[in-house]
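Heads up, the thing below is written out as structure tokens.
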Amino acid sequence: ETITVQELAARMSERGADVIKTLMRMGVMATINQVIDPDTAELVVTEMGHRPKRVAEGDVEIGLADTTDAEGTQIARPPVVTIMGHVDHGKTSLLDALRATDVAAHEAGGITQHIGAYQVTLPSGQKITFLDTPGHEAFTAMRARGAKVTDIVVLVVAGDDGVMPQTKEAIAHAKAAGVPIIVAINKMDKPGADASRVQNELLREEIQVEQLGGDVQSIEVSATKRMNLDKLEEAILLQAEVLELRANPDRLADGVVVEAKLDPGRGSVATVLVQRGTLKVGDVLVAGAVWGRVRRLVDDRGQAVESAGPAFPVEILGLAGTPQAGDEFHVVDSEARAREIADFRARRDRQAELARSAGGRGTLEEMMKGIREGTAKELPVLIKADVQGSAEALAGAISRLSTDKVAARVVYSGVGGISEADITLAKASGALIIGFNVRANPQAREIAKRDKVDIRYYSIIYKVTEDIQSLMVGLLEPTY
Ligand code: GDP
């Protein structure tokens, strides 16, 4: 028995476009009316966070009760925070300083372990989880794999330096992911620090802080002097309250791999963040194309724990291989089932790899098709130009091309050559890159080719708008 994409979407109460996107991520190109085989359907169901239930061999039935956690079952969970900002603005210092505010650390003893994430308990008993890989590479790498882990971005800006290129990049990343920002103006202990100058610079990036009448919280801190860290944490909790972060702890766990490595002494070790349910020692799980039975769970202080609930970061020992950061994991009911899914994914990954090396076409072409068929509604564009004036002129011109059918959305515009970071951002937001009088560096070209990110070079503005217009009506073929 087979099922159409549309039918599958309906059974999961998901949008058809999202099912198609999930399929694309799995390397399967399908339209809404296309029939897909049961194995693929089952994978899609799992990938989208539902639990598949095959009633008969080949048929896929989705247990809806399991996917939409009933009202009363969800309880508040801690927010998950990523710290981003320009190099040397104090991301690492702030992560260390915030970690030291943990009141639970003193009780339990144990030694700080860097497992990719940590949790602090505040004097009030409330908790915050921080991903402790600063910078946006980790953030986008995960997003590029489809994982949404971060609830809130803390944007660190040094009060004596102001908004810098990576500050702008971080803003673009957070916006592209739809994650709210809290501004931490750091190094306020320094004589040259000027918070209002920073806030005004942020205004130019369309970040309007509360002090200037906007709704973005902005806190003046000093990581090294440990100043106002409590205020920053309060701001995070306030934002979390607005977001109404909730999860059902009483179900089989699923979540995302934050970090994974092969440890010479302990074998494969993966740090995961549970997003729903509770992960327990003895559980059988699949993470990406890897499966295993949880032999041991270790927290961020090196202590063995029996279970981990929502937003609680733990290391898992006992996996048969090393998954990748950004892979989703699901607890399943048997080893046979886990092995089956892992095998399927390994096969699928190999096929996708083959398709890539055979020169298969990727994201942009699909998007063009989507636009032609009326399923895609926007064309995301990333602009790099040689001078600020051109970048701004292009961003304006491109935005104005939006019609009621397709919107041209500028995810980022900046000055300078096309870098690896640009490719990562473009990939994560499905954008095409416009290089105006600038080129991509060799590494960036390499990644763009691998990830099928379309880069187009121009030196005349109207040529850009002409091409974008053609792309918007689905007429141009991508160039890789
Ligand atoms: P990162 O690159 O963003 O992770 O920045 P770091 O945390 O490595 O900090 C860069 C430099 O700024 C280091 O020398 C820190 O000691 C210093 N620094 C960080 N925070 C503060 C602060 O609040 N005040 C002062 N005076 N220096 C700071």
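Just so you know, ligand 1 is whichever comes first in the structure, and atom 1 is the first atom listed for that ligand.
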Can you list the ligand 1 atoms lying under 4.0 Å from a non-hydrogen atom of [X]?
X    : value
H86  : 3 (O)
S222 : 22 (C), 23 (O), 24 (N)
K91  : 1 (P), 2 (O), 3 (O), 4 (O), 5 (O), 7 (O)

Seminar exercise, completed: Ranking D160, T224, L95 by closest non-hydrogen atom to atom 21 (C) of ligand 1, top hit is T224
Exercise. Relative to atom 17 (C) of ligand 1, which among K187, Q166, R226 owns the nearest non-hydrogen atom?
Worked result: K187
Whether [Y] and [X] form a salt bridge (side-chain N of Lys/Arg under 4.0 Å from carboxylate O of Asp/Glu) is what I want to check.
X    : Y    : answer
D102 : R301 : yes
D160 : K187 : no
R450 : E446 : no

Could you tell me whether [X] and ligand 1 have an N or O pair separated by under 3.5 Å?
X    : result
D189 : yes
A223 : yes
L94  : no

Exercise. Can you check whether K231's main-chain N or O pairs, donor with acceptor, with N228's side chain at less than 3.5 Å?
Worked result: no
Exercise. Does atom CD of Q388 have more than 12 heavy-atom neighbours, drawn from other residues, nucleotides or ligands, at distances under 6.0 Å?
Worked result: yes
Problem set entry | ligand 1 versus M188: contacting region, heavy-atom distance under 4.0 Å | neither
Seminar exercise, completed: With heavy atoms and a 4.0 Å threshold, my read on which part of D88 contacts ligand 1 is both
Seminar exercise, completed: Residues passing the ring-ring contact (aromatic ring centres under 6.0 Å, His included) test with H173, sequence neighbours excluded, are H136
Under 3.5 Å, side-chain donor or acceptor atoms of residues 432-444 against the rest of the protein: list the pairs with distances, not counting sequence neighbours.
from	atom 1	to	atom 2	distance (Å)
N437	ND2	D386	OD2	3.4
N441	OD1	Q443	N	3.2
N441	OD1	A444	N	2.7

